[in-house]
Amino acid sequence: MGRLCHGDHTVRLILLSPPGAGKGTLATGLKARTGIGHVSSGDVLRAEIARDTELGRRVAAYTSCGDLVPDDILFELLTPLALAAAETNGGYVLDGFPRTMAQAIRGAELGVALDLVGDAAIYLSAPDDVLVRRLLGRAALEGRPDDTITVIAHRLRVFHDQTAPVVDYYRARGILLEVDADRTPAEVLADIVERLTARGIREPQLP
Ligand code: AMP
């Protein structure tokens, strides 16, 4: 499969998922298979922390305990990357954004202003016990500071309280694609590509 298109533009996807459902792996898979840009809010924030800037230290105070970073910081860091991805690839998969209704609404307003409205929102769903098991497995391999049992429990609570309404919002707008994430990454990716294709989001036809 080549580039994913929707109408005349490369597709813009939103990836919603609780921690541990595999959104990073899926976004990387989508990028490898379709060439679509990958913009991860978590990666952007971790990069700022790694630079050890004053802003990065403020970000770390939130991420280290599993709290959401304030919107102004998030938009400041994320918007230029989304614009660059749109310019380079035509479209992108936004991984980990929006996480709250306020972000969804501000993001939608920005999308209209910049002519970058999202085409589909993919929701990776899996039971909490599966997510916890996966995150603890990742902790053993990667040692991410927010993959401790206490912070994982808090991040799941934040997801259910703040991000679940965003899932409902996209469902009501008719652009939600809910996917069972309790399968192998290859199965999840194949399912998503098939369902995007069924919605008219497909590789461009050759002339
Ligand atoms: P992730 O890599 O997507 O699991 O994100 C790791 C952490 O970065 C989250 O637990 C939050 O602290 C922060 N974060 C990522 N995306 C957002 C967002 N859209 N809004 C606020 N904080 C975020």
Side-chain angles (χ1 to χ4, degrees), residues 12-31 37-53 55-83 85 92-111 116 118 121-126 128 130-167 169-170 179 181 185 188:
R12 293 184 287 267
L13 300 175
I14 292 162
L15 195 48
L16 303 167
S17 107
K23 63 182 158 43
T25 308
L26 176 68
T28 306
L30 269 174
K31 182 180 168 141
H38 174 206
V39 181
S40 155
S41 53
D43 285 353
V44 170
L45 296 169
R46 280 185 287 278
E48 194 63 30
I49 295 170
R51 272 196 289 278
D52 198 23
T53 57
L55 185 61
R57 286 188 289 277
R58 273 167 56 208
V59 167
Y62 295 95
T63 58
S64 60
C65 50
D67 280 331
L68 296 181
V69 171
D71 289 355
D72 285 343
I73 298 181
L74 185 79
F75 278 85
E76 181 186 330
L77 292 171
L78 199 60
T79 309
L81 291 185
L83 280 170
Y92 45 72
V93 52
L94 268 186
D95 159 7
F97 171 90
R99 288 265 227 287
T100 65
M101 273 311 296
Q103 286 182 8
I105 289 165
R106 187 164 160 184
E109 286 167 358
L110 205 58
L116 290 174
I122 298 166
Y123 167 42
L124 299 179
S125 81
D128 280 4
V130 171
L131 300 171
V132 172
R133 210 172 39 244
R134 282 193 188 174
L135 286 165
L136 290 175
R138 180 172 81 183
L141 293 174
E142 295 176 16
R144 241 174 75 165
D146 57 348
D147 279 345
T148 64
I149 188 81
T150 318
V151 179
I152 288 170
H154 184 65
R155 286 160 64 209
L156 280 171
R157 254 194 321 275
V158 168
F159 177 82
H160 291 302
D161 291 349
Q162 306 210 49
T163 312
V166 180
V167 172
Y169 165 75
Y170 289 120
V179 177
V188 174

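Start at 1 and go down the list; that is how both ligands and their atoms are numbered.
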Participant: Is any N or O atom of Asp67, backbone or side chain, closer than 3.5 Å to an N or O atom of ligand 1?
Facilitator: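 Between Asp67 and ligand 1, an N or O pair is found under 3.5 Å apart.
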Participant: Decide, yes or no, whether a salt bridge links Arg51 with Glu48 under the criterion of side-chain N to carboxylate O below 4.0 Å.
Facilitator: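 A salt bridge is present here (some side-chain N lies under 4.0 Å from a carboxylate O).
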Participant: What is the nearest protein non-hydrogen atom to atom 13 (C) of ligand 1, stated with its residue, atom name and distance?
Facilitator: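 Going by distance alone, atom 13 (C) of ligand 1 is nearest to Leu45 CD1, 3.4 Å.
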Participant: With a cutoff of 4.0 Å, is Arg144 in contact with ligand 1, counting heavy atoms of the residue only?
Facilitator: yes
Participant: Would you say the side-chain atoms of Thr163 pair up with the backbone N or O of Arg99, donor to acceptor, closer than 3.5 Å?
Facilitator: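 Yes.
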Participant: I'd like to check which ligand 1 atoms, numbered from 1 as shown, lie under 4.0 Å from a non-hydrogen atom of Ser41.
Facilitator: 15 (C), 16 (N), 17 (C), 19 (N)
Participant: For the pair Ser41 (side chain) and Gly96 (backbone), establish whether a donor and an acceptor sit closer than 3.5 Å, ignoring hydrogens and angles.
Facilitator: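 It does hold such a pair.
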Participant: May I ask you to list the atoms of ligand 1 that are less than 4.0 angstrom from any heavy atom of Gly96?
Facilitator: 16 (N), 17 (C), 18 (C), 19 (N)
Participant: Looking only at distances, can you tell me whether any N or O atom of Pro98, backbone or side chain, sits closer than 3.5 Å to an N or O atom of ligand 1?
Facilitator: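 Such a contact does not occur with ligand 1.
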Participant: Should you measure from each heavy atom of Lys23, which atoms of ligand 1 turn up under 4.0 Å away?
Facilitator: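 Once the distances to Lys23 are compared, the set is 1 (P), 3 (O), 4 (O).
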Participant: Could you pull out all residues at least two apart from Arg144 that satisfy salt bridge (charged side-chain N to carboxylate O under 4.0 Å, His left out)?
Facilitator: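 So Arg144 forms a salt bridge (charged side-chain N to carboxylate O under 4.0 Å, His left out) with Asp146.
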Participant: Are any of the side-chain nitrogens in Asp128 or Arg157 under 4.0 Å away from the carboxylate oxygens of its partner?
Facilitator: no
Participant: Do the non-hydrogen side-chain atoms of Thr148 and Ile152 ever get within less than 4.5 Å of each other?
Facilitator: no
Participant: Do Ile14 and Tyr170 come close enough that some side-chain heavy atom pair is under 4.5 Å?
Facilitator: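 Yes, close enough: below the 4.5 Å cut-off.
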Participant: For ligand 1, note which part of Leu74 has a heavy atom under 4.0 Å away: side chain, backbone, both or neither.
Facilitator: side chain
Participant: Which of the numbered atoms in ligand 1 are under 4.0 angstrom from any heavy atom belonging to Arg155?
Facilitator: 4 (O), 10 (O)
Participant: What's the shortest distance from atom 21 (C) of ligand 1 to any protein heavy atom, and which residue and atom give it?
Facilitator: Val69 N, 3.3 Å
Participant: Determine whether a donor-acceptor pair (N or O, by modelled atom type, separation under 3.5 Å) exists between the side chain of Arg134 and the backbone of Gly20.
Facilitator: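 Checking the backbone N and O of Gly20 against the side chain of Arg134, a donor-acceptor pair under 3.5 Å is found.
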Participant: Could you tell me which atoms of ligand 1, counted from 1 in the order shown, lie closer than 4.0 angstrom to a heavy atom of Arg46?
Facilitator: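 Listed by number with element, the hits are 2 (O), 6 (C).
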Participant: For Arg99 and ligand 1, does the shortest N/O to N/O distance drop below 3.5 Å?
Facilitator: yes
Participant: Nearest to atom 8 (O) of ligand 1 by heavy atom, Asp71, Thr63, Leu15: which?
Facilitator: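 The option holding the nearest heavy atom is Thr63.
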Participant: With sequence neighbours left out, write down each residue that passes salt bridge (charged side-chain N to carboxylate O under 4.0 Å, His left out) with Arg133, or none if nothing qualifies.
Facilitator: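 Partners of Arg133 by the salt bridge (charged side-chain N to carboxylate O under 4.0 Å, His left out) criterion come out as none, since no residue qualifies.
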Participant: Does the side chain of Leu156 come within less than 4.5 Å of Val132's, by heavy atoms?
Facilitator: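 The answer is yes; the side chains approach within 4.5 Å.
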Participant: Please list, in number order, the atoms of ligand 1 under 4.0 Å from a heavy atom of Gln103.
Facilitator: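 Those of ligand 1 that fall under 4.0 Å from Gln103 are 18 (C), 19 (N), 20 (N), 21 (C).
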Participant: Is there a polar contact, in the sense of an N or O pair closer than 3.5 Å, between Asp146 and ligand 1?
Facilitator: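 Asp146 vs ligand 1: no N/O contact under 3.5 Å.
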